[in-house]
J.: 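Quick one: this structure, given as structure tokens, is what I'll be asking you about.
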Amino acid sequence: MELLMIILPVFLVFATGYVAQKMLHMDIKSISAMSLYILLPILTFNTFYNNEMTIDYLYLFVYSLIITVILAVITIIFGYFMKSSKEDVSAMMLGTLFPNSGNYGSPVVLFALGATAFDYAIVLMVLHGFIISTVGIFIASYGNGAVISVKDAIISIFRVPVIYGAIFGVIFQVSNVQIDEKLMDILNMTGNAAIPVVMLILGMQLAQITKEKFDLKDITNVTIIRMLISPIVAMVLVLFMPVDETMKMVFVILNAMPIAANSTMLAVQFNVKPNVVSFSTLITTLISLITIPICLYLIGI
């Protein structure tokens, strides 16, 4: 019950956003833009500015790439045996490879492990953003039949605002730039607003998902890989990660999360079975109410 109480407050915020969107029909695009271009970059800046960069963050990045490759191979194998088309496999990979580390994972880490672990989660969120902005776009464009160039993929990275927050945070920290205390208080206040806002946004996005025609096997495959296989793979990988236990737990928790909201955006943008990806997002988010507490229990929380 105690573990469930870590998840329930998060779901209550999701539910608030869901109900508000159903009743008020708000402009999600504007609210998302505020979060994407203002709140999250400031939160990211604060995290990288206040935390010294160590080799541990490189390990996080390398192991994030490793789990992405492993899950991609598993998804391709599933697709092969299910005789799925190229478009089906691409849609499945958008669902299986990229966890919701921002809207969902980071708040859970904060409630479960505290502020230090939350900083790790924000760093991992940025790394996930880097991966989905490159690998994710390649996958989506491949499924559409219009594979983008390496140059376009690199350019796409710098369209992700949190990247700039991370870059400037590292520069200010390494250069030992001292920020005025009152200004830092304002930055912290603004950055801290990011988490409840992105949680509300996820609830609002879920409210707009509609049931459309799709192949049930695709939804099932995505759910199994994202919610069952991914956390198991993460638990195995952390056995080899030379980092502290808290960082290991953060890595597992974030890789146990349901599908990232950005995956749906890519599926819509490239028209790669957006109905499959969006409905899988809803299903995996609902299932996480059961799977996340189990995951927290297994890692000793």
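Model, not experiment: these values are computed from the prediction.
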J.: Enumerate, atom names and distances included, each donor-acceptor pair closer than 3.5 Å involving a side-chain atom of residues 108-124, sequence neighbours excluded.
T.:
from: D119; atom 1: OD2; to: N51; atom 2: ND2; distance (Å): 3.3
from: Y120; atom 1: OH; to: D244; atom 2: OD2; distance (Å): 3.2

J.: Which is it for T223 and T284 under the side-chain hydrogen bond (donor to acceptor under 3.5 Å, both in side chains) test, yes or no, and what are the steps along the way?
T.: CA-CA 6 Å; T223 302; T284 55; over 6 Å; no
J.: Are L239 and L60 co-members of a hydrophobic cluster defined by side-chain heavy atoms under 4.5 Å apart?
T.: yes
J.: Testing the basics here: between I299 and M249, what is the closest heavy-atom pair and its distance to 0.1 Å?
T.: O-SD, 3.7 Å
J.: Between S175 (side chain) and V177 (backbone), is there a donor-acceptor pair under 3.5 Å?
T.: no
J.: Measure the CD1-OH distance between I66 and Y59 for me, rounded to the nearest 0.5 Å.
T.: 11.5 Å
J.: Output yes when a side-chain donor or acceptor of S230 lies under 3.5 Å from a complementary backbone atom of M227, and no otherwise.
T.: no
J.: State, yes or no, whether a side-chain contact exists between V89 and Y80 at a heavy-atom distance under 4.5 Å.
T.: no
J.: Do I253 and I301 touch side chain to side chain, with heavy atoms closer than 4.5 Å?
T.: yes
J.: Test of understanding: with side-chain contact (heavy atoms from CB on, under 4.5 Å), list the residues that count as partners of L58, not counting sequence neighbours.
T.: I55, V62
J.: Quick one: closest heavy-atom pair of S84 and M92, and the distance?
T.: OG-SD, 4.3 Å
J.: What I'd like to find out is whether the side chain of T190 reaches to under 4.5 Å of the side chain of F45, using heavy atoms alone.
T.: no
J.: Is there a donor-acceptor contact under 3.5 Å from the side chain of R226 to the main chain of N221?
T.: no
J.: I'd like a table of donor-acceptor pairs (distance under 3.5 Å, sequence neighbours excluded) in which one partner is a side-chain atom from residues 286-294, with atom names and distances.
T.:
from: S288; atom 1: OG; to: Y104; atom 2: OH; distance (Å): 2.8
from: S288; atom 1: OG; to: T285; atom 2: O; distance (Å): 2.4

J.: When you compare the side chain of T75 with that of F78, does any pair of heavy atoms fall below 4.5 Å?
T.: no
J.: Does S263 reach the main-chain N or O of I259 with its side chain, forming a donor-acceptor pair under 3.5 Å?
T.: no
J.: Considering residues at least two apart in sequence or located in another chain, which fulfil the side-chain contact (heavy atoms from CB on, under 4.5 Å) criterion with L40?
T.: S35, L43, M125, V162, A194, V198
J.: In the single-linkage hydrophobic clustering (I, L, V, M, F, W, Y; side-chain heavy atoms under 4.5 Å), do F240 and F61 co-cluster?
T.: yes
J.: Taking the side chain as every heavy atom from C-beta outward, state whether H128 and P99 have any atom pair closer than 4.5 Å.
T.: yes
J.: Give a yes or no on whether M189 and L39 share a hydrophobic cluster (residues Ile, Leu, Val, Met, Phe, Trp, Tyr; joining criterion: side-chain heavy atoms under 4.5 Å apart).
T.: no
J.: What distance separates I70 CD1 from L97 CG, expressed to the nearest 0.5 Å?
T.: 11.5 Å
J.: If I compare all heavy atoms of E52 with all of Q173, which pair ends up nearest, and what's the gap?
T.: CA-NE2, 3.0 Å
J.: State yes or no: are the ring centers of Y49 and F168 separated by less than 6.0 Å?
T.: no
J.: Less than 3.5 Å apart, which donor and acceptor atoms pair up between the side chains of residues 6-22 and the rest of the protein, not counting sequence neighbours?
T.:
from: T16; atom 1: OG1; to: L12; atom 2: O; distance (Å): 2.8
from: Q21; atom 1: OE1; to: M26; atom 2: N; distance (Å): 3.2
from: Q21; atom 1: NE2; to: M26; atom 2: O; distance (Å): 3.2
from: K22; atom 1: NZ; to: A207; atom 2: O; distance (Å): 3.1

J.: Verify the cluster assignment for L296 and V233: are they in a single hydrophobic cluster under the rule of side-chain heavy atoms below 4.5 Å apart?
T.: yes
J.: Strictly by salt bridge (charged side-chain N to carboxylate O under 4.0 Å, His left out), give each pair with a member in residues 247-272 just once, sequence neighbours left out.
T.: E245-K248
J.: What about V69 and F130, same hydrophobic cluster or not, with Ile/Leu/Val/Met/Phe/Trp/Tyr joined at side-chain heavy-atom distances under 4.5 Å?
T.: no
J.: Is there a side-chain contact (heavy atoms from CB on, under 4.5 Å) between S64 and F251 once you walk through the steps?
T.: CA-CA 8 Å; S64 294; F251 183 84; 3.8 Å; yes
J.: Let me see the working for S32 and I28 under side-chain contact (heavy atoms from CB on, under 4.5 Å), right down to the final yes or no.
T.: CA-CA 6 Å; S32 296; I28 297 180; 3.4 Å; yes
J.: Using side-chain heavy atoms (C-beta onward) and a distance below 4.5 Å, is V174 in contact with M53?
T.: no
J.: Which heavy-atom pair separates L237 from Y63 by the least distance, and what is that distance?
T.: O-CE2, 3.6 Å
J.: Do you know the tightest heavy-atom contact between V277 and A91?
T.: CG2-O, 3.6 Å
J.: Test V252 against C295 for side-chain contact (heavy atoms from CB on, under 4.5 Å), laying out the working first.
T.: CA-CA 8 Å; V252 172; C295 178; 3.7 Å; yes
